[in-house]
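Just so you know, residue 1 is the first one in the sequence shown, and it goes up from there.
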Amino acid sequence: MEGGAAASTPAALPYYVAFSQLLGLTLVAMTGAWLGLYRGGIAWESDLQFNAHPLCMVIGLVFLQGDALLVYRVFRNEAKRTTKVLHGLLHVFALVIALVGLVAVFDYHRKKGYTDLYSLHSWCGILVFVLYLVQGQVQ
């Protein structure tokens, strides 16, 4: 910060945060609706197990990770420890849900006898997940 002045919160920040939350929840709802209406729903012990993958990835790596990144901006007047705990918890929840999505797709492939990591999508997905883990270690 220049001149030692305290960081001020932009006046439009609450609107940006509200918009991002609305957009994120809409994305989660649309993914759930797409899976429910056009892909048959979600079930772990059936052919619908694969459908858990896109929903978990959207919830974990898009919505919750985005919320974790916003914590320091939204709660800048709260105690640093509280903010750090909330930031960490959101990242842990995002990691666990994304891991469930990965387990779902690998388990589905194993049950069906499909090969793993055969497409560019799968390799990019693994790269994103590994980079997510690495950046968590760097912080």
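- Linking Ile, Leu, Val, Met, Phe, Trp and Tyr residues whenever their side-chain heavy atoms come within less than 4.5 Å leaves Leu64 and Val96 in two separate clusters.
- Between Glu78 and Tyr72 there is no side-chain heavy-atom pair separated by less than 4.5 Å.
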**OP:** Verify side chain to side chain contact (heavy atoms under 4.5 Å, CB included) between Tyr108 and Tyr114, making sure each step is shown before the conclusion.
**Re:** CA-CA 8 Å; Tyr108 175 80; Tyr114 299 155; 3.9 Å; yes
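- Closest non-hydrogen pair, Val100 versus Cys56, comes out as CG1-SG, 3.9 Å.
- A donor-acceptor pair is defined here as one N or O able to donate and one able to accept, closer than 3.5 Å; such a pair exists between the side chain of Ser119 and the backbone of Ser122.
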**OP:** Please lay out, stage by stage, how Phe50 and Arg39 fare under the test side chain to side chain contact (heavy atoms under 4.5 Å, CB included).
**Re:** CA-CA 10 Å; Phe50 181 83; Arg39 303 272 304 167; 3.8 Å; yes
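- Between Leu48 and Gly40, the shortest heavy-atom contact is CD1-O, 3.2 Å.
- With a 6.0 Å radius and a threshold of 12 heavy atoms from other residues, nucleotides or ligands, Trp123 has its CH2 atom at or below the threshold.
- By the 4.0 Å N-to-carboxylate-O rule, Asp47 lies too far from Lys111 to be salt-bridged with it.
- In Phe129, the CZ atom is crowded: over 12 heavy atoms of neighbouring residues, nucleotides or ligands sit closer than 6.0 Å.
- Between Leu127 and Leu131, the closest side-chain pair of non-hydrogen atoms falls below 4.5 Å.
- Neither Leu89 nor Leu95 shares a network with the other; the hydrophobic side chains, linked directly or stepwise wherever heavy atoms of I, L, V, M, F, W or Y lie under 4.5 Å apart, form separate groups for each.
- Connection of Val17 to Phe63 is established within a shared hydrophobic cluster, with ILVMFWY side chains joined at heavy-atom distances below 4.5 Å, either directly or through further cluster members.
- The hydrophobic cluster around Tyr15 extends to none of the other residues, as no ILVMFWY side-chain heavy atom falls under 4.5 Å of it.
- The ring of Tyr132 has its center closer than 6.0 angstrom to the ring center of His91.
- The shortest distance between side-chain heavy atoms of Gln49 and Val105 does not fall below 4.5 Å.
- Side-chain contact between Phe75 and Leu70: absent, with no pair of heavy atoms (C-beta onward) separated by less than 4.5 Å.
- In this structure, the side chain of His53 engages the main chain of Gly101 through a donor-acceptor pair within 3.5 Å.
- Contact of the Leu55 side chain with the Ile59 side chain is registered, since non-hydrogen atoms from C-beta on lie closer than 4.5 Å.
- Considering every non-hydrogen atom in both Ala68 and His87, the closest pair reads O-ND1, 2.7 Å.
- No continuous path of hydrophobic side-chain contacts links Val74 to Phe19 [ILVMFWY only; heavy atoms under 4.5 Å].
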Would you tabulate the side-chain donor-acceptor contacts of residues 22-35 under 3.5 Å, counting partners in other chains and residues two or more places apart, or write 'none'?
{"residue": "Thr26", "atom": "OG1", "partner": "Leu22", "partner atom": "O", "Å": "2.6"}
{"residue": "Thr31", "atom": "OG1", "partner": "Leu27", "partner atom": "O", "Å": "2.8"}

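- Summarising the geometry, atom CD1 belonging to Ile126 is positioned 9.5 Å from atom NE2 belonging to His121; distances are rounded to the nearest 0.5 Å.
- Listed for the His109 side chain is no donor-acceptor partner under 3.5 Å among the backbone atoms of Asp116.
- When all heavy atoms are compared, the tightest approach of Ala94 to Gly60 is CB-O, 3.2 Å.
- Under the 3.5 Å distance criterion, the side-chain polar atoms of Asn51 are left unmatched by any main-chain donor or acceptor of Ala43.
- No side-chain heavy atom of Leu90 sits under 4.5 Å from any side-chain heavy atom of Leu69.
- Connection of Val103 to Val128 is not established within any shared hydrophobic cluster, with ILVMFWY side chains joined at heavy-atom distances below 4.5 Å, either directly or through further cluster members.
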